[in-house]
2 protein chains.
Amino acid sequence: MNSFTEENYLKSIFKLSQKTDNGVSTNSIAESLETKASSVTDMIKKLSDKKLVNYKKYQGVNLTKEGKDIAVSIIRNHRLWEVFLVEKLNFKWDEVHDLAEDLEHINSKKLTNQLDAFLEYPKYDPHGDPIPDKDGNIHRHLDITLADLKTYDKGIVVGVKEHSKSYLNYLETINLVLGTEIKVNKIVDFDLSMSVEVNKKESVNISHQASKNLIIKKSN
Amino acid sequence: MNSFTEENYLKSIFKLSQKTDNGVSTNSIAESLETKASSVTDMIKKLSDKKLVNYKKYQGVNLTKEGKDIAVSIIRNHRLWEVFLVEKLNFKWDEVHDLAEDLEHINSKKLTNQLDAFLEYPKYDPHGDPIPDKDGNIHRHLDITLADLKTYDKGIVVGVKEHSKSYLNYLETINLVLGTEIKVNKIVDFDLSMSVEVNKKESVNISHQASKNLIIKKSN
DNA sequence: ATATATTTTTAGACTAATCTAAAAATAGTT
DNA sequence: AACTATTTTTAGATTAGTCTAAAAATATAT
């Protein structure tokens, strides 16, 4: 069995390794876990001894098959619990992350799979992130963001790339939840802010900062 | 915030203090947590510093108001999660203890209360143990066991006093689940074993060992 | 009441995870 | 290629929780 701490390292390494093709650097792990590089080195050695990561000094790390399987199963747990909290217990999408961060470490294949069934095999969590299936397969959607759209393009909001409470909260105040239809009316070339039509109604102004974190499925 | 370990000590002390009026002994805590007396002494000091227990050397411990509140809320969590696992995720009553042991430490009043509402405010867990309400009140039922019944007495099974897998499993094989109607046909005075009618049908033989752990609500 | 047994506490050591500060390796620059 | 800056690792210390073995306190028995 692995400790919560080890599991968090594996999850972090998994997420970071999706952004780079080479090994994941010690510093990037330290930053993502808000800890110090020296602590990371210690843990990497431990994970390496357990054959959960491949590690050569000064070269960064990569997950082994086994390490990756663990990371993915934790992410699966996390996202399933988020769905549960929102769909069944009436939490808001900006309230569920921290709780899921704890719940994800409850380690029981049966629990995970029964929860999955109970929720009727959801494909995405409340933030639009894909839920790995029982075999660890992840169907990620294309990463087109609102910022990538041109004037008069239309699409549907399918996810977010930024998960902070303040961002999610802001989106709700402008009625932007998953599934919302969106149409770009105008792009200000000075600051790249956009005037967009939400659900064929109100036209709101969205900063580049905000638009580049909204994942969109283009509808034409 | 308190660690999982501290919470487990508080829970254990709470349960032990229900059986004795004087302080809870170091050894009894050690036994119930399967640890050593010296470890218990260390932890007691820590809990005492945090004002969660009252402690005088060699005199055993008692929970303070605050310590008791924490213990009760963990028990509330535990029992609500057990209901969830059995009612919603189709677990058997002998499979849920260990998972609930982990889930109980997820610390969120909102989570607990929403879960309680989602489950429609259950009063008892799958083993018949009472679930403390939001304010920590516990309605315990009278502790009449099958072993206390006389010949021809009738009753309904409302709980168990022994939670081991093997016991729960055994009960299921003889169709004894919560809510079952029971009637005592004969008591063997040699070994106090009983011949009982289950749901007005089969007559099974139950050892004293087994009967004294079945909590019954007498029906006449 | 004194000796014996039991319980509880103390003292000191161990492990996991962390940190700071310093040393070593790598990368970047002229 | 040599110097500098950055990254990574090492060395040594710290904290929480645990343990063993020994000492101290309490309980029991004659």
Side-chain angles (χ1 to χ4, degrees), chain A residues 1-14 16-17 19-63 67 70-71 74 101-102 104-105 107, chain B residues 1-14 16-17 19-63 67 70-71 74 101-102 104-105 107:
Chain A
M1 206 39 13
N2 310 292
S3 67
F4 284 19
T5 312
E6 290 169 299
E7 291 185 349
N8 284 331
Y9 272 88
L10 292 174
K11 193 176 50 152
S12 170
I13 294 167
F14 177 79
L16 291 167
S17 65
K19 293 174 188 163
T20 54
D21 290 332
N22 352 9
V24 176
S25 75
T26 302
N27 260 355
S28 64
I29 299 170
E31 192 186 8
S32 96
L33 291 175
E34 295 180 62
T35 182
K36 296 299 154 78
S38 56
S39 308
V40 174
T41 303
D42 286 347
M43 181 54 81
I44 282 173
K45 283 180 185 164
K46 193 177 166 191
L47 295 174
S48 180
D49 289 345
K50 286 186 158 194
K51 306 224 185 298
L52 300 176
V53 301
N54 292 314
Y55 169 58
K56 262 183 284 180
K57 274 189 192 176
Y58 296 99
Q59 302 308 128
V61 284
N62 278 297
L63 294 176
I70 295 170
I74 293 166
E101 205 70 7
D102 290 338
E104 70 186 9
H105 298 290
N107 215 311
Chain B
M1 206 39 12
N2 309 293
S3 68
F4 284 19
T5 311
E6 291 169 299
E7 292 184 347
N8 284 333
Y9 272 88
L10 293 174
K11 193 176 49 150
S12 169
I13 294 167
F14 177 79
L16 291 167
S17 66
K19 294 173 189 166
T20 55
D21 291 332
N22 353 7
V24 175
S25 75
T26 303
N27 259 356
S28 65
I29 299 170
E31 191 187 8
S32 96
L33 292 174
E34 293 179 60
T35 182
K36 295 300 154 81
S38 56
S39 308
V40 174
T41 304
D42 286 346
M43 181 54 81
I44 283 173
K45 284 180 186 163
K46 193 176 166 194
L47 295 174
S48 180
D49 289 346
K50 286 185 158 193
K51 306 223 185 299
L52 300 176
V53 300
N54 292 313
Y55 170 58
K56 263 184 283 182
K57 275 189 194 174
Y58 296 98
Q59 302 307 130
V61 284
N62 278 297
L63 294 175
I70 294 170
I74 292 165
E101 205 69 7
D102 289 338
E104 70 186 8
H105 298 291
N107 216 312

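All chains are named by letter (A, B, ...) in the order of the sequence lines, taking the proteins before the strands, and each is independently numbered beginning at 1. Note that this is a predicted model, so its numbers are computed, not measured.
A:Ser28 and A:Ser25 share a side-chain donor-acceptor pair at under 3.5 Å. Donor-acceptor pairing under 3.5 Å is lacking for the side chains of A:Glu101 and A:Asn8.
Scanning for salt bridge (charged side-chain N to carboxylate O under 4.0 Å, His left out) contacts around A:Lys50 gives A:Glu6, with sequence neighbours left out. Residues forming a side chain to side chain donor-acceptor pair (under 3.5 Å) with A:Ser32 (at least two apart in sequence, or on another chain): A:Ser12.
Among the nucleotides C:dT8, D:dC19, C:dC19, the one closest to any side-chain atom of B:Thr26 is C:dT8. For B:Asn27, the side-chain atoms get nearest to C:dT7 when compared with the rest of C:dT9, D:dT7, C:dT7.
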Write down the protein N/O and nucleotide N/O pairs, taken from nucleotides 21-25 of chain D, whose separation is under 3.5 Å; answer none if there are no such pairs.
unit_1 : atom_1 : unit_2  : atom_2 : d
D:dA25 : O4'    : B:Tyr58 : OH     : 3.4

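Here the straight-line distance linking atom CG of A:Leu47 with atom OG1 of A:Thr5 works out to 10.0 Å at 0.5 Å rounding.
Looking at heavy-atom distances under 4.0 Å, B:Tyr9 makes contact with sugar-phosphate atoms alone, never a base. Residue B:Thr41 is in base contact, counting any heavy-atom pair closer than 4.0 Å across all strands shown. Among the atoms of the strands shown, base atoms are found under 4.0 Å from some heavy atom of A:Ser39. Using a 4.0 Å heavy-atom criterion, one finds that B:Phe4 contacts no nucleic acid atom at all.
The main-chain N or O of B:Ile13 is found under 3.5 Å from a side-chain atom of B:Ser17 such that the two form a donor-acceptor pair.
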